[in-house]
Amino acid sequence: MAGHAGQGSGHGSGHGNGQGSKARPGNRRVAQWTRGYARLPGIPDEYIAQDGTPRAVWTRFFDAFAELTPADIERRFGLADRHLREAGVSYRAPGETADRLWPLSHLPLLIGEADWQQLTAGIVQRAQLLELVLSDLYGEGRLVAENAVPAAAIAGSTEYLRSVCGIEPPGGRYLNMYAADVGRGPDGRWWVLGDRTQAPSGAGYALENRLVLSRAFTTLYKSMNVERVAPFFEAFRDALRASSDRDEPRIGLLTPGIFSETYFEHATLARYLGFLLVEGDDLAVSGDRIHIRTVAGLKRLDVLLRRVDSNSLDPLELDASSQLGVPGLIDVIRKNGVVVANMPGSGVMEARALLGFLPSLSRRFFGEDLKMPHIATWWCGQKSAREEVLSRLDQVAIEGAYGRGVPGFGKGPVLAGELSASERERLKTAISDRGFDYVGQELVRLSTTPVWDNGRITPRPFVLRVFAAATRGGWTMMPGGFCRIADQLDARAVSMGDGARAADVWVVSDKAVSTATLLPSGDTVRIRRIAGWVPSRAADNLFWLGRYLERAEATLRLVRALGTQRDPGKGAATVPHSVERIQRLLVTWGAVSQATRAQPAKVAVEALQSEDKFGSALSLVRAAQRTATSLRERLSPDAWQVITEMTERLAQEVDDDDGVIVAAELTLQELASFAGLAQENMNRAAGWRFLEMGRRAERAINTMRFARQFAYDEAGGEDLDILLTLVDCQITYRSRYLVGPLLAPVRDLVVLDPYNPRSVAFQVFALNDHIASLPTLKEGGLIERPHRLAVALQATLTTAEAAALDTKSLFALEQDLLNLADAIGSHYFPHGPNASRPEKLTGLA
Amino acid sequence: VIYDIRHVTTYSYESPVSFARCSLRLEPRSGDGQQLVSHGVDIRPRPADRTIRHDFFGTHTESVLIETAHRNLRIDSRSRVSVSRRAPARAAPSPAWECVRDVAFESTSLGPESPIGYVFASPLVPVQQPVTLYAAMSFPPGSGILAGAVDLMHRIRTEFKYDPKATVISTPLNEVFEKRHGVCQDFAHVMIAGLRGLGLPAAYVSGYLRTIPPPGKPRLQGADATHAWVSLWCGVAIGWIGFDPTNDILVENDHIVLAVGRDFSDVSPVDGIIVGSRKQKLAVAVDVLLVE
């Protein structure tokens with residue numbers, strides 16, 4: 001019975017065919033796993049069918065899986081976990097400030113082809129139905145007028161947006177992406193547990209889970225004929241593109257920002273789909289259109305895929321206190337100026353009060369029953385349903401009729417059986433008095449699926465979220481989905497917050513699946529090289545990412561110099577003059593406190609890893625990491641990984657001078673590898689310039705400060721020697737001059753020499769080139785301020801003579817550099833963190 | 001009676017404002033015993049764009065875009081309105097409040113006139129048990145809806161203190177309720193919250209009061225600013241009736257309706273966003289003169 005079901009499980013799996021394999025260790029292990037798999041009585045299971053026989057897809061999977069040695073399995077699981085950690089796949093539980101790592105269940109959920117077709121038919125029909133209902137609710141209103149849907153079941157939802165009533169949705173539809181939570185009920189059929197019509201999350205995580213698992217089990221994955229998910233995303237993107245009236249529309253993914261619990265997913269999807277990741281602040285209404293603020297001025301945005309809830313979208317017409325939206329957005333939609341997916345107000349279909357009316361609506365619209373049942377739901381706004389719920393209060397779960405919570409009882413579901421006698425009475429009174437606020441739902445025990453548990457498999461309940469996109473050919477299902485697996489056997493509330501794990505979902509075909517992508521062929525796509533102008537906020541963040549990393553580098557160089565200069569044997573009494581100067585710089589930069597200066601042994605450690613000094617290398621690298629978080633969609637996974645490694649290293653405690661020097665050295669190497677990655681891998685059109693400009697500006701300023709500190713008018717050989725070390729110019733100097741360090745030659749090399757990649761002049765020349773290749777914003781042909789300052793500085797540095805420089809002129813140059821950096825900021829990022837934001841007019845009291 | 005109304009709103013900013021986008025709901029509505037005769041709004045500085053539409057509730061809404069830098073924004077609205085309204089007697093017979101509630105829930109329309117739009121919580125009016133219990137004391141089982149609402153209005157008038165300094169626009173309802181003080185807007189919100197807690201359809205009305213009372217009558221509270229009160233749906237036969245909890249009177253010819261919505265957020269006379277100023281000062285002057 002556990003034989004090889006299915007045909008041709010493929011090549012390359014090392015999978016023997018024929019009867020002889022009975023004796024192989026793999027088969028023994030499968031048998032062992034299966035024996036130890038204790039199904040829950042009365043609850044259906046994905047692996048073992050009701051009649052006790054394993055389902056064919058799972059047998060195929062376990063047979064192939066068992067070919068791997070136990071050590072190999074663990075190694076591959078470790079690989080998957082490491083990938084998740086390094087890619088920074090994370091989510092944030094509600095109310096938490098730190099990201100959590102993504103807990104991945106290592107076994108995928110398998111769904112066979114026939115099962116999947118049944119699911120697809122049900123979901124597609126449902127999506128079509130919800131679209132029709134929405135367009136009637138916000139349009140003609142016949143369903144309510146003819147009492148097919150009670151007005152009260154709609155009016156109670158905060159997602160029923162009165163300001164959207166009567167607006168034709170630009171792009172022609174309300175739902176572009178629909179998701180449903182489904183589970184397999186006791187009768188073995190798939191049931192819908194809830195609809196997601198607002199801004200469904202999870203598709204991006206599904207994508208990431210697939211990436212991780214298919215990489216860790218390449219051969220197994222290939223041999224299983226798993227349907228690919230990429231074509232689904234392609235089709236979704238094409239559909240959004242086609243929804244705009246422009247040929248090559250600009251599409252943005254609107255995120256609430258890095259504090260959103262699913263920000264990682266927003267960044268993943270934006271990167272994968274090639275959309276701009278935008279926040280409300282990045283957008284502005286101008287004329288009858290939405291525009292994105294870029295370094296080249298306002299650029300029209302045609303389609304907005306939103307991950308911000310409807311009510312937060314427009315402080316002018318919706319929630320006035322929202323900071324996440326765009327003032328005037330609804331009016332732009334009213335004037336057909338932007339496609340928003342899903343249409344604001346579509347979330348009204350998530351109300352549980354509506355569930356009970358869908359079967360009759362299906363018959364009304366399609367003349368047929370719903371193909372897929374949903375969990376039995378009684379809306380207590382209707383007398384008969386209310387009485388039904390009150391009469392069997394212990395057999396149902398009470399949920400809110402419209403929103404997330406259960407009014408008066410906190411987060412749902414509420415189980416009457418688990419309440420105290422007085423609470424139970426309070427619930428009954430609430431349902432009798434305000435029945436319309438509540439629904440009763442059948443308590444269903446969902447099916448279980450195998451999870452890996454230390455070399456064994458055990459059953460765990462799960463909820464599967466499936467996704468459908470409105471595409472040109474109708475609704476398209478993502479073959480797969482986002483599966484959440486409960487850690488306990490009680491599956492009543494499977495939510496990511498409750499210690500649940502996620503699993504990849506494999507829709508397994510009997511035949512080999514096509515691996516061809518649905519990418520349009522070369523002749524239908526216009527070749528483009530510019531990925532679109534960089535949004536101001538992203539440019540701002542890139543600029544500061546460059547500056548933070550460069551400042552960290554300068555600090556680390558000082559720390560390293562300090563470590564090599566200080567002779568521990570001699571004690572504090574003979575602190576050389578040069579060490580004194582290094583310490584002074586570290587104090588000025590906020591890396592070391594004044595008090596610590598008296599304890600030379602502690603200075604380097606504090607500058608390296610103090611948590612509460614904003615200028616310590618650790619703080620700077622963390623600032624870089626925070627900045628990088630909001631650039632996730634623009635950074636390669638490798639670059640992100642380097643930053644993560646640096647913060648982890650600097651956070652590890654070191655106690656002696658050697659430890660300090662080693663940590664500084666290694667971090668400097670990582671900084672160099674980040675710079676290398678940026679140099680070699682970042683597209684020059686996608687903001688690379690701003691990262692570079694930040695780095696150049698910061699390096700010029702820091703080098704100038706080094707020069708002022710160590711090449712002052714009376715500087716001696718020891719000072720100049722340190723300066724050459726700090727700016728990495730020892731070798732160049734020695735190859736050029738046969739004498740020891742002298743003031744004018746050192747000043748020339750460090751400040752004026754345009755061929756020395758560490759000199760101030762080199763940075764200024766580079767800045768000048770970058771600025772010259774950026775778009776000009778204002779008309780009139782006048783040179784813009786950053787360019788003017790850069791050209792002037794370049795001229796000064798080009799014509800200056802080393803012998804004529806003095807401490808005073810070095811200081812003046814430093815001021816010029818600071819002015820240039822500020823000018824870049826205020827010119828290209830006028831909407832940065834310090835810019836004035838739109839604020840509400842005070843209301844009347 | 002015919003009134004001439006002047007309603008001037010002035011914002012003063014600490015630093016220049018470069019951009020403003022406002023929604024104005026300043027045109028008094030026609031209907032329900034009221035007729036708009038004339039209306040005009042003058043805005044300084046002059047807007048770059050003005051567009052008019054009617055919002056979901058039927059309120060005349062003007063969107064205004066100002067792109068000239070300014071330190072003062074002055075919105076001067078003048079209207080002439082004729083009012084002829086009869087309120088029922090305070091003790092008039094009316095259907096039991098439970099029947100009104102049940103009929104409201106049977107509604108088959110989501111339109112602005114439908115009572116179903118006014119029985120649920122709205123952005124500024126949460127439904128909270130303490131307020132519901134407070135209101136329930138005025139509505140014994142089977143009692144008439146008018147009598148109940150008159151009693152609730154009277155209790156709010158006598159048990160709450162009118163204190164313009166006590167609250168600002170953002171003071172939450174539960175604080176107003178616990179401290180038992182506020183202004184017309186707060187009283188209207190409290191009364192609406194109580195009525196909705198019982199499942200009764202209650203709307204929020206913004207408008208004006210005549211400034212100089214008829215001879216021999218006291219000057220009404222709130223006459224020198226915009227006013228707010230409650231409109232309660234009392235069943236198919238009686239329809240919507242206005243209750244002014246700030247003055248404990250039924251709405252008749254001393255009240256001029258500007259706009260109706262679920263709460264203040266739906267009817268705010270001047271609403272908008274600006275770019276550029278950290279501090280703003282608001283002054284509102286209202287004058288309602290009896291023409292004849």
Side-chain angles (χ1 to χ4, degrees), chain A residues 137-138 141 143-158 160-166 284-288 311 314-321 327-328 331 334-335 381-383 402 407-408 426 430 433-437 831 835-845, chain B residues 9 11 15 18-23 51 53 55-57 63 73 104-112 114 116-123 127 129 132 164 167-170 183 185-186 197-199 206 225-226 262 264-266 268-278 280-282 284:
Chain A
L137 288 180
Y138 285 109
L143 295 178
V144 167
E146 292 166 21
N147 219 5
V149 177
I154 303 293
S157 170
T158 52
Y160 174 63
L161 303 186
R162 286 156 183 84
S163 43
V164 168
C165 287
V285 170
S286 174
D288 292 342
N311 274 300
D314 182 353
L316 262 188
E317 292 203 37
L318 301 164
D319 180 358
S321 64
D331 208 40
R334 195 173 281 132
K335 291 166 181 161
Q382 289 185 313
K383 192 158 177 274
Y402 308 105
R426 194 165 73 85
D433 287 355
R434 296 182 56 86
F436 43 83
D437 281 344
H831 303 286
S836 43
R837 297 212 153 357
E839 22 183 339
K840 284 291 288 183
L841 281 173
T842 317
L844 298 165
Chain B
T9 310
Y11 285 94
S15 53
S18 56
F19 174 92
R21 185 185 291 275
C22 306
S23 297
T51 52
R53 65 184 182 91
D55 70 9
F56 174 83
F57 300 96
S63 301
L73 172 62
F105 272 89
E106 303 282 293
S107 167
T108 55
S109 161
L110 287 168
S114 167
I116 200 65
Y118 306 89
V119 295
F120 293 98
S122 57
V127 169
Q129 213 183 13
T132 304
T167 54
V168 291
I169 182 107
S170 54
V183 294
Q185 179 188 332
D186 302 312
L198 298 171
S206 75
T226 50
R262 292 167 302 159
F264 175 76
S265 68
D266 285 336
S268 170
V270 177
D271 191 12
I273 51 126
I274 52 169
V275 176
S277 181
R278 310 229 173 258
Q280 38 175 299
K281 245 182 10 208
L282 164 66
V284 179

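Numbered from 1 within each chain, the chains take letters A, B, ... in sequence-line order.
- For A:K383, the NZ atom sits in a loose shell: 12 or fewer heavy atoms of surrounding residues, nucleotides or ligands are nearer than 6.0 Å.
- Using a 4.5 Å cut-off between heavy atoms, B:Y118 makes no contact with chain A at all.
- Below 30°, between 30° and 60°, or above 60°: for A:Y160 and B:F56 the angle between ring planes is above 60°, a perpendicular geometry.
- Between A:L316 and B:I273, the shortest heavy-atom contact is CD2-N, 4.3 Å.
- Taking the side chain as every heavy atom from C-beta outward, B:R53 and A:D331 approach each other to under 4.5 Å.
- When every heavy atom of B:S107 is checked against every heavy atom of A:A151, the shortest pair comes out as O-CB, 3.4 Å.
- Residue contact with chain B, scored on non-hydrogen atoms closer than 4.5 Å, is absent for A:D319.
- Note on B:S109, B:S114, B:C22, B:S23: by heavy-atom pairs under 4.5 Å with chain A, the leading option is B:S109.
- Heavy-atom distances place no part of B:D55 under 4.5 Å from chain A, backbone and side chain included.
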* **Trace of the side chain to side chain contact (heavy atoms under 4.5 Å, CB included) decision for B:V127 with A:R434** => CA-CA 11 Å; B:V127 169; A:R434 296 182 56 86; 3.8 Å; yes
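- No side-chain heavy atom of B:F120 sits less than 4.5 Å from a side-chain heavy atom of A:T158.
- Looking at A:Q382, there are no atoms closer than 4.5 Å to chain B (heavy atoms on both sides), in backbone or side chain.
- In plain terms, the two heavy atoms of B:T51 and A:K335 that are nearest each other are OG1-NZ, 4.4 Å.
- A 4.5 Å side-chain heavy-atom check between B:D266 and A:R162 finds every atom pair outside the cut-off.
- Taking A:L137, A:N311, A:V285 one by one and counting their heavy-atom pairs under 4.5 Å with chain B, the maximum is reached by A:V285.
- No part of A:A320 comes within reach of chain B, as not one of its non-hydrogen atoms sits under 4.5 angstrom from that chain.
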